[in-house]
Amino acid sequence: MGSFNNGQLSILRRSIILLTAVIAVSGWLVWTDACAAAAGDSAAEVVFVIDNSGSMRKNDPRLLTPETVRTFLGQLPDTTRAALVLFDERARLLQPLTDLSDPASRDRLINSLDKADYRGKFTNSAAGIERAVYELKTGGRTGTRKSIIFLTDGIVDTGDRQKDMELTQWLKTDLAAECNTSGIRILGIAFTENADFPLIQALASRTGGSYYRATRAEDIADVLDRIQALLSPPLPEPKAAAPVEALSPEMNTDPATTARPASTEPVDASAKEDIPDRDASRSFWRFYLPLIFIIFVLMSLVAMLVLKRFSLPAWLGGRKSIPLPIPGADVPKPPEWELQDINGSSGGLRRFDKARVTIGRDDKNDLMFPSATISNLHATIEYREGAFFLEDQRSTNGTRLNDHQVPANKPVRLKSGDRISFANLAFKFVRLDQIISGDTVMLEITAYDAAPDQSGDVHFDAGASEKSMRRCLDRHVDQIRLLGEKYKTFADTFLPKEMCGAIAIQARENMEETRSDKKQHCSPLIKENAFYVICTLPVTASEAIDWFGDQHGGFTQFIFKWIKSDGYDVTACDQFCVITFGMGQQPWVSMTVVPTHDDPDPVEIMSVNFLSDAEKLELGLEFDHHGRVL
């Protein structure tokens, strides 16, 4: 074949250098992955799923369970990540998976237990466990041991016996199989003798977990101590999913005979079989097979380049090629935004459409303030991943967000309506594509006590419906009054008794139409300088998020359309209120208040039940430690 010329030798040298680098990098990746796996052996991720139904108040009248869980969370090691799910007729994620190494994050997780009040009407265990599984699958990290601690004092009870049976079977089969496949074990606590012990036993058995019994609330602390010790050892390897089959009649499912009476000793539900150690073979195929493949491809490429004299890329000494433009490679421009001068001392309105704006005294900044209180580079506002972030650049006199100090070099998310202070200069941040929102109070729905008919639905005759709606609205307004003095003043001014009566009359008329055609009906009412929209929905509260998403693209878009409507624009009202009534076995009401005037301390209330997770993230409502009330 002959000797190589100088050009070919140069190519070979460069290829050998490249091949060596690839091998070194691959070895480094193998080493770091092994280190990460070793670190994962000491890490655990756990989601508490706690029953919040009304029966818990009877069995735990002093609310010892939340206090016991608080103590347990405070004792977990820093390597643990934990989350909390509360369930009754629906499931609520109180806190997502949280790193307990951060004291502030641990405190937020612990304090979220304040929402455990045992006021739920039903016991939808399936919704609670499904929400925990979803959190571990989407928010969990690879290489960690994942567990669900499930505590209940009852059976699956949604108010529909047929649905209860279906959900119980689904938990024992499909969801248990999914947990087993995903390496998620369920550690079940049957609280009192009324708990569905066969279900808890089946979930633990089929996910490689354990189950316990706690007769009294005082026993739960001992159970959690045993569970904490169980979180440290590594989990057994996931077994094949158990076959889906119904329990045969001859199988004993009586809790009194299938479990130890009044004991908190765990029953190990994992199989006692010896599982062959496959770590060595798994490591080989996982790490070295891709490496061998890469080396083979590179050697083949070198052979083709040298022997067949293929065209070389520029980084191997070949001719430089002119890069072609890549469609869509341009960085999208951010939405327009403004900084509105609050005190009138710094030049009025500043509008931008840049992805990054610098603020400081130096004239090279995008926003320059010739003031001795402002640092040369004081702060930055940057748009990324669909949101704006404020970052203090170690300024001398600091940056504040909603009257709270912003830590240096720690970006915090902005939402439209936030107040920003650079030293003594105050501004309002406004996204022109969003509704202005400042200190937001998030209120849940208030249910009213209309009586269901024989079909299980609520019968809306004219008199009873109007009275029920009025009572429900009055209770909701009372909740607003309790929020503070300015909210009491708002309620007294914009929601007096005669106004609530007019709203109830209009709501009853709308609800009759909604029941007839299964559509949403909204009617505006104008009183002095306030604009009210009274709406009725043909869905239950749990379906409201999907309804607004399907019909309007989200609840915030629904509000935005009304504010931009000609009817509202003509009135030029200072206050905008949306009162929404819904249907179901437990009809309900909710209220949203959007300030559309220049009050420096406005009342803003958002119906939390209507916002999707994406909308909450878009509005930045999770940053409650910067002055937002969730």
Side-chain angles (χ1 to χ4, degrees), residues 119 440-452 458-515 520-541 544 548 555 558-559 562-563 565 567-568 571 573-584 586-597 599 602-610 629:
R119 293 184 179 179
T440 306
V441 171
M442 306 294 285
L443 278 187
E444 293 197 349
I445 64 170
T446 297
Y448 61 91
D449 53 356
V458 172
H459 180 63
F460 287 92
D461 62 82
S465 174
E466 186 178 316
K467 291 178 182 178
S468 298
M469 289 179 169
R470 175 63 185 273
R471 286 199 302 270
C472 182
L473 182 58
D474 287 342
R475 288 203 300 270
H476 197 71
V477 173
D478 287 341
Q479 292 184 43
I480 295 175
R481 286 193 174 94
L482 296 174
L483 295 173
E485 187 60 34
K486 76 173 182 179
Y487 299 97
K488 182 179 182 300
T489 301
F490 164 81
D492 293 340
T493 304
F494 296 102
L495 296 164
K497 290 184 177 180
E498 58 272 17
M499 192 65 222
C500 289
I503 291 172
I505 293 172
Q506 185 62 59
R508 186 256 302 166
E509 295 176 359
N510 288 3
M511 185 59 78
E512 289 176 351
E513 295 186 48
T514 294
R515 285 180 57 82
Q520 180 183 11
H521 288 274
C522 297
S523 301
L525 287 178
I526 300 171
K527 178 69 173 177
E528 296 178 354
N529 63 334
F531 191 97
Y532 306 84
V533 178
I534 295 88
C535 293
T536 52
L537 295 183
V539 294
T540 63
F548 282 110
F555 182 64
F558 169 73
I559 297 294
W562 267 102
I563 292 178
S565 67
Y568 179 74
T571 61
C573 289
D574 291 336
Q575 203 70 51
F576 180 76
C577 305
V578 178
I579 301 98
T580 305
F581 293 82
M583 304 174 64
Q586 192 178 26
W588 48 270
V589 68
S590 186
M591 184 181 300
T592 292
V593 179
V594 180
T596 56
H597 54 297
D599 189 336
V603 168
E604 180 183 7
I605 300 172
M606 183 63 75
S607 300
V608 66
N609 302 81
F610 300 162
V629 183

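Predicted, not measured: the structure shown is a model, and the values here were computed from it.
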N/O donor-acceptor pair under 3.5 Å between T446 side chain and C472 backbone: no
Partners meeting side chain to side chain donor-acceptor pair (under 3.5 Å) with E509 (sequence neighbours left out): none
Could you tell me whether the side chain of F558 reaches within less than 4.5 Å of the side chain of C535, counting heavy atoms only? yes
If you define the side chain from C-beta out and look only at heavy atoms, does anything of Q575 sit under 4.5 Å from V593? yes
For the residue pair F581 and L537, establish whether any side-chain heavy-atom pair is separated by less than 4.5 Å. no
Measure from the ring center of W588 to the ring center of F610 and say whether it is less than 6.0 Å. yes
Would a distance-only check, ignoring hydrogens and angles, find a side-chain to backbone donor-acceptor pair under 3.5 Å from N510 to T536? no
Report yes if some heavy atom in the side chain of I559 is under 4.5 Å from a heavy atom in the side chain of V594; otherwise report no. yes
Compile the donor-acceptor pairs under 3.5 Å between side chains in residues 490-497 and protein atoms, sequence neighbours left out, one pair per line.
| residue | atom | partner | partner atom | Å |
| --- | --- | --- | --- | --- |
| D492 | OD1 | R481 | NE | 3.1 |
| D492 | OD1 | R481 | NH2 | 3.2 |
| D492 | OD2 | K488 | NZ | 3.1 |
| T493 | OG1 | T489 | O | 2.7 |

Side-chain (T592) to main-chain (V578) donor-acceptor, under 3.5 angstrom: no
Interatomic distance, CG@N609 vs CD1@I445, rounded to 0.5 Å, equals 5.0 Å
Student check: side-chain heavy atoms of I579 and L473 closer than 4.5 Å: yes
Disulfide bond (SG atoms under 2.5 Å apart) against C500, all qualifying residues, sequence neighbours excluded: none
State, yes or no, whether a side-chain contact exists between I526 and Y532 at a heavy-atom distance under 4.5 Å. no
Decide yes or no for F531 and W562: does some side-chain heavy atom of the first lie under 4.5 Å from some side-chain heavy atom of the second? yes
If we only count heavy atoms from C-beta on, is the T514 to Q520 side-chain gap below 4.5 Å? no
